[in-house]
Each structure stands twice: as structure tokens, then as C-alpha cells.
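The structure appears right after this line, and notes come after that.
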Amino acid sequence: MPTLETATQPQNAERPAVAGEPCVLLKLGEIVLKGKNRELFERRLQNNIRAAVKGLGIKIQIWPREGVIVVRAESGELSDVDAVARRLTDVMGIVWVHRAWRVAKDVDATVQAALDLVAQHPALARKGAFAIRARRRDKRFPITSSDLNALVGSKVKERYDLPVNLKHPDLAVFIEVDQREVFVFTDGMPGAGGLPVGMSGRALVLMSGGIDSPVAAYRMMRRGLRVDFLHFSGMPFTGPESIYKAYALVRELDKFQGGSRLFVVPFGKAQQQIKSSGADRLQIIAQRRLMLKTGEVVAHNLGGAALITGDSLGQVSSQTMQNITALDDAVSLPILRPLIGMDKTEIMAEARKIHTLSISELPDEDCCTVLTPRRAETRAKIDDLRQIEKRLDAGEMAEQLAANLQEHRPSYGEHSA
């Protein structure tokens with residue numbers, strides 16, 4: 001069998017007997033539609049892949065191909081390849097992650113690898129139906145995709161006596177002929193999709209301890225934004241529980257971008273000042289405007305171009321259209337609200353998917369539960385809010401709050417260690 005130039009065959013008695021070298025084959029999504037800018041997106045994605053794998057302590061090589069990326073563990077160990085594949089399912093910009101075998105660009109080598117994979121698959125023991133899915137990215141390969149399907153399929157049927165079912169197989173063997181090698185695999189894991197984090201700039205998430213804001217952060221990271229997090233604690237009138245929750249949430253979200261920063265603002269005294277100003281039913285909107293003003297100062301300091309909140313229209317009494325308009329008036333930065341049209345069930349389902357729901361449901365007393373009126377205004381008037389802020393000198397308050405940040409660096413690596 002012809003050999004691969006850079007393939008290694010480590011001596012490992014437990015390694016499955018498959019002709020070729022294990023690797024991770026990454027399928028890209030909308031990146032391939034970026035035209036002349038595609039190279040920039042792919043370069044960013046490759047940097048994000050290296051950063052994500054760094055915490056595993058596994059040395060890798062990255063080879064861009066036409067529409068796919070190949071990641072090779074330098075050790076050649078199947079366990080390292082599996083660990084890399086699992087980690088890369090959280091990297092934005094990747095649609096599918098396949099643990100594949102990289103074999104020489106040769107018909108006999110391709111057939112042998114396919115037979116070896118079938119021999120390992122659980123479907124073989126129960127005589128499940130199979131299908132072969134071949135694709136040639138390199139049309140110079142000596143046989144067509146349909147002929148390769150027929151050839152490999154006949155060899156599998158001859159050796160293992162399995163039935164064929166092209167529509168609903170129990171086992172599908174994928175064969176992809178590339179420019180330099182052939183990839184053979186039987187399974188795949190869905191990736192995070194979206195765009196590589198960092199391609200769309202930077203923004204600041206107003207992170208509560210609730211369910212909504214972590215999902216909003218995830219959605220904007222998926223659109224290529226690198227985000228920092230700002231949490232308002234009720235201290236000194238509450239304990240540190242909400243900070244612990246915010247830290248845990250950011251640590252979980254860090255798997256999607258790495259290098260996350262959480263900034264904490266003690267907000268209790270500012271709330272007390274707003275209450276003393278006679279805000280009454282406007283208290284909630286007034287304090288949210290102050291949070292946004294503080295966030296704007298912090299975002300400017302960090303190079304952020306937008307604020308992100310977990311607002312969902314009509315979800316609570318303060319999230320009316322008129323109140324949302326009043327909040328927009330507080331700052332000049334754009335406020336991104338990726339959950340605006342989602343209901344609570346949809347938001348909870350996404351929180352469960354990204355593993356933040358159980359953290360958000362932990363009990364705590366955050367700043368929004370203290371010093372609040374019994375009834376909140378649902379139709380806040382901007383002029384009334386501006387008058388309150390004039391009495392408080394809200395701009396100066398925001399500057400002072402932003403100057404007293406506590407910075408934390410929650411790392412997903414410490415969570416999974």
C-alpha cells in the first residue's frame with residue numbers, strides 16, 4: 001500500500017487495526033461563502049482551534065483543505081484524536097466534526113480502510129444494513145464517486161454479508177477523496193456552527209445570574225463576536241452568591257471563545273441612591289439605564305462596539321416596547337438583544353443545550369431583587385427618567401462605578417480539569 005508522506009503508525013496494541021492514520025476532519029459552514037474574505041475567516045478559525053486544544057496538552061498540526069480542515073495529533077494516538085475531536089465541537093465556525101482515518105490516495109488503500117471500519121462498527125454484530133457515501137473533491141482520482149460506491153459496497157457485502165439500505169442505513173461509511181489523501185469515516189458530531197469568534201469584533205455582555213443573558217452571550221459569540229462580561233452585584237446589601245454564579249456561567253461559556261473576562265460592579269449603594277431620589281415605579285428602569293451607562297463606559301475602555309442584553313419582548317412587565325425604547329435612549333452604543341423574539345421555553349431549551357441552565361437555576365439574591373418597588377412601570381417616559389438622572393448625576397455615577405471594577409478570568413480549562 002502506498003504510504004502517506006507525514007503519516008505515522010505508532011505502536012499501540014490497543015489501537016484499532018485500520019489502514020491509515022487517525023485524524024479529525026472539520027466541515028465548515030458559512031465560512032465557505034465568504035468569497036475574497038474567506039482566507040481571513042479560515043485563519044481566525046485555525047487560531048481558535050489552536051487556542052481551544054492548547055488546554056488539552058496535545059500537540060496538533062492543522063492542514064487546510066478545500067472546504068475542510070484536517071487536524072492531526074502529532075502523537076498519532078487515537079485517544080488524543082478523540083479528545084481533540086470532542087473539544088472542537090465547541091469551536092464556533094465548525095459545522096461537523098468527524099473522527100476520520102486518513103489513507104493514501106489509492107483505491108486499494110481506500111477499500112481496505114472501509115472494510116476495517118465496518119469490522120469495528122456495532123452494526124456488524126447485529127447484521128445491520130449499510131451504505132457507502134463516496135465523494136471526490138479531486139476529480140483526478142481514477143474512478144468516479146458512483147463507481148467507488150459500487151466497488152466498496154460490493155467488497156463489504158462480500159466480506160460481511162450485510163444488507164444494503166441507501167436511504168436508512170444502520171451504518172454509513174463516508175469516503176472523501178481530497179487533493180492529497182482520502183478520508184474514511186463512519187460517524188460525526190455536530191459542531192457549534194456560526195462564525196469564528198473574533199471575526200465580528202468585540203462587545204460587552206450585561207451578565208446577570210439568570211437564564212437569559214448567558215444564552216444571549218452564546219448567540220452573539222456564534223455570530224463571531226468576542227465578548228467580555230459585566231455583572232452587577234447587590235453588595236453590600238447582598239452576599240457574594242450572585243458573583244459565584246456569574247463566575248460559573250462565564251467559565252462554562254469560556255469553552256466557546258477562551259480568554260473570557262468577567263468584571264464585577266458592587267451596585268447596591270447606587271440602587272439605594274436611585275431609590276432615595278424618588279424613582280418609585282421607575283426604579284427598575286432607572287437602575288437598568290444606569291447599568292447600561294456603566295456598561296458603555298466599560299465597553300469603551302475595552303474596545304467594545306456594542307452592549308448585549310438578554311431582553312425578550314414581553315417576558316416580564318418591565319420588558320415592554322416603551323421601556324425598551326427608554327433603555328435605548330440611555331446610551332449611544334448599540335444594544336444587541338438576540339433573544340428579543342424568543343419565549344422562555346425556547347431560551348431554556350438553548351440554555352440546557354449549552355449547559356448553563358443548571359447553573360442559572362441555583363438560588364441567589366442578585367441586585368435586581370433588592371430595593372425594588374412592588375410594582376414596576378410598564379410605560380416609562382424618557383423625560384421622567386432623564387430628570388431622575390439629572391438629580392443623581394448619573395453620568396458621574398457610571399464613571400465611578402466603572403472605575404471600581406473587580407476583574408476575574410474564569411477559564412473553561414479549570415472547570416474541566
Side-chain angles (χ1 to χ4, degrees), residues 4 6-29 45-65 68-104 109-110 112-125 128 130 133 170-176 178 181-193 196 252 254-258 353-355 411-417:
L4 290 161
T6 52
T8 58
Q9 291 286 355
Q11 299 300 314
N12 185 340
E14 298 181 358
R15 178 179 172 176
V18 175
E21 178 189 50
C23 66
V24 182
L25 185 65
L26 305 175
K27 300 292 184 67
L28 311 183
L45 177 57
Q46 290 172 35
N47 290 338
N48 292 351
I49 288 170
R50 291 187 185 93
V53 174
K54 187 176 180 180
L56 300 177
I58 299 172
K59 293 184 178 180
I60 62 170
Q61 291 177 316
I62 299 175
W63 296 328
R65 296 290 192 259
V68 298
I69 291 177
V70 183
V71 181
R72 174 180 177 266
E74 289 189 5
S75 68
E77 296 290 341
L78 190 57
S79 59
D80 285 350
V81 173
D82 288 343
V84 169
R86 288 192 298 271
R87 182 67 186 92
L88 295 185
T89 59
D90 292 323
V91 175
M92 305 295 188
I94 299 169
V95 175
W96 281 98
V97 179
H98 297 285
R99 289 167 290 194
W101 291 85
R102 176 176 170 262
V103 303
T110 301
Q112 186 59 53
L115 291 172
D116 292 344
L117 280 178
V118 173
Q120 299 172 13
H121 201 279
L124 179 62
F130 80 97
R133 316 277 198 215
D170 299 296
L171 162 63
V173 179
F174 296 88
I175 300 171
E176 298 191 358
D178 215 304
E181 64 268 284
V182 176
F183 300 101
V184 185
F185 52 93
T186 60
D187 63 352
M189 298 176 286
E252 189 65 40
D254 185 62
K255 66 188 175 188
F256 300 115
Q257 65 171 12
K353 175 182 137 185
I354 63 175
H355 302 120
S411 169
Y412 181 70
E414 68 178 283
H415 176 59
S416 56

For this session: Check step by step if side chain to side chain contact (heavy atoms under 4.5 Å, CB included) holds for Trp101 and Leu117.
Result: CA-CA 9 Å; Trp101 291 85; Leu117 280 178; 3.6 Å; yes
Exercise. Atom CZ of Arg133 and atom CD of Glu176: how far apart are they, to the nearest 0.5 Å?
Worked result: 12.5 Å
Seminar exercise, completed: Interatomic distance, CG@Leu45 vs CD1@Ile62, rounded to 0.5 Å, equals 8.0 Å
Seminar exercise, completed: Residues at least two apart in sequence or cross-chain that pass ring-ring contact (aromatic ring centres under 6.0 Å, His included) with Phe174, listed by chain then number, are Phe185
Exercise. Closest heavy-atom contact between Asp170 and Gly128?
Worked result: OD2-CA, 3.3 Å
Exercise. Where do Asn48 and Met92 land on the side chain to side chain contact (heavy atoms under 4.5 Å, CB included) test, with the steps shown first?
Worked result: CA-CA 8 Å; Asn48 292 351; Met92 305 295 188; over 6 Å; no
Exercise. So, for Ala85 and Val97, which heavy atoms are closest and what is the spacing to 0.1 Å?
Worked result: O-CG1, 3.5 Å
For this session: Measure the CD-CD1 distance between Glu74 and Ile58 for me, rounded to the nearest 0.5 Å.
Result: 11.0 Å
Exercise. Which residues satisfy the side chain to side chain contact (heavy atoms under 4.5 Å, CB included) test with Val70, sequence neighbours excluded?
Worked result: Cys23, Leu25, Trp63, Arg65, Phe183
Exercise. If you round to the nearest 0.5 Å, how far is CD1 of Ile354 from NZ of Lys255?
Worked result: 7.5 Å
Exercise. When rounded to the nearest 0.5 angstrom, what is the spacing between CD1 in Ile49 and CD1 in Ile94?
Worked result: 4.5 Å
For this session: Indicate whether any N or O donor in one side chain lies under 3.5 Å from an N or O acceptor in the other, for Gln112 and Asp116.
Result: yes
Exercise. Does any N or O in the side chain of His98 come within less than 3.5 Å of the main-chain N or O of Asp187, such that one atom is a donor and the other an acceptor?
Worked result: yes
For this session: State, to 0.1 Å, how close Ala113 and Val103 come at their nearest heavy-atom pair, and which atoms those are.
Result: CB-CG1, 3.6 Å
Problem set entry | Glu181 side, atom CD; Thr110 side, atom OG1 - distance, nearest 0.5 Å | 11.0 Å
Exercise. Are any non-hydrogen side-chain atoms of Met189 and Trp96 less than 4.5 angstrom apart?
Worked result: no
For this session: Can you see which heavy atom on Leu88 is nearest to which on Ala52, and at what distance?
Result: CD2-CB, 4.5 Å
Problem set entry | Exercise: identify the closest heavy-atom pair between Ala109 and Ala104 | CB-O, 3.9 Å
Problem set entry | Arg99 side chain vs Thr186 backbone, donor-acceptor pair below 3.5 Å | no
Problem set entry | Test side chain to side chain contact (heavy atoms under 4.5 Å, CB included) applied to Leu28 and Val68, step by step | CA-CA 6 Å; Leu28 311 183; Val68 298; 5.9 Å; no
